[in-house]
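Reviewing the structure listed below.
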Amino acid sequence: QVQLVESGGGLVQAGGSLRLSCAASGRTFSSYSMGWFRQSPGKDREFVAVISWSGGSTYYADFVKGRFTISRDNAKNSVYLQMNSLKPEDTAVYYCAAGTRYYSGTFYYTQAAKYGMDYWGKGTLVAVSS
């Protein structure tokens, strides 16, 4: 069992930056792939980024490439999402998730928000004003 707690959300102006953190419980954090997803009002939850167990592989949604960076610190049982050049359309609740498998990029782009992750945090709100 893994418990995930997100932090770092808030209100920021367009063009600004935020760093989200996700703290995980449990001794086996390094055996999980870790991802960030988001959900805007009236929309389905969507994939943002994922990182493999060791941190050696990552995938990003096209709409965040070049702006967001996912990283992890297995010694601290934590995963991070550095978000730069934020846009109003990035406004959403951001969720941290843990998975026992690491899939292809195509799977994350298309299905992981519904099927690919095993544990979810409760989310942190990011609001970007124009």
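The environment of Lys65 atom NZ is dense: over 12 non-hydrogen atoms of other residues, nucleotides or ligands sit within 6.0 angstrom. Counting heavy-atom neighbours within 6.0 Å of Gln3 CD, excluding the residue itself, gives a total of 12 or less.
Taking a cutoff of 4.0 Å between a charged side-chain nitrogen and a carboxylate oxygen, Arg67 and Asp90 qualify as a salt bridge.
A search for side chain to side chain contact (heavy atoms under 4.5 Å, CB included) contacts involving Trp120 returns Phe37, Arg45, Tyr95, Ala97, Met117, not counting sequence neighbours. Under the rule for a side chain to side chain contact (heavy atoms under 4.5 Å, CB included), the partners of Ser71 that lie at least two apart in sequence or sit in another chain are Tyr80.
Taking all atoms of both residues into account, the shortest heavy-atom contact from Ser78 to Ala23 is OG-CA, 4.2 Å. Across Ser17 and Ser85, no two heavy atoms sit closer than the pair OG-N, 4.4 Å.
Taking the six-membered ring where the residue is Trp, the centroids of Tyr103 and Tyr109 are separated by 6.0 Å or more.
A 4.5 Å side-chain heavy-atom check between Ser21 and Glu6 finds every atom pair outside the cut-off.
Checked by atom type and distance alone, the side chain of Asn74 pairs as donor or acceptor with a backbone atom of Trp53 at under 3.5 Å. Arg38 places no side-chain N or O within 3.5 Å of a backbone atom of Ala92 that could act as its donor or acceptor partner. Here the side chain of Asp118 pairs a donor or acceptor atom with the backbone of Thr100 at under 3.5 angstrom.
With side-chain heavy atoms closer than 4.5 Å counting as contact, directly or through intermediates, the hydrophobic cluster containing Tyr94 also holds Val2, Leu4, Val12, Leu18, Leu20, Phe29, Tyr32, Met34, Trp36, Val48, Ile51, Tyr60, Phe63, Val64, Phe68, Ile70, Val79, Leu81, Met83, Leu86, Tyr119, Val126, Val128.
One finds the NZ atom of Lys87 at 14.0 Å from the OG atom of Ser130 (value rounded to the nearest 0.5 Å). Residue Arg19 holds its CZ atom at 9.5 Å from OG of Ser7, rounded to the nearest 0.5 Å. Taking CG of Leu11 as the start and CG of Leu125 as the end, the distance is 9.0 Å to the nearest 0.5 Å. One distance of note links OG of Ser57 with OH of Tyr102; it measures 3.0 Å at 0.5 Å rounding.
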Practice item. I would like to know whether Ser33 and Tyr108 meet side-chain contact (heavy atoms from CB on, under 4.5 Å); could you show each step before the answer? Key: CA-CA 12 Å; Ser33 62; Tyr108 286 108; 3.9 Å; yes
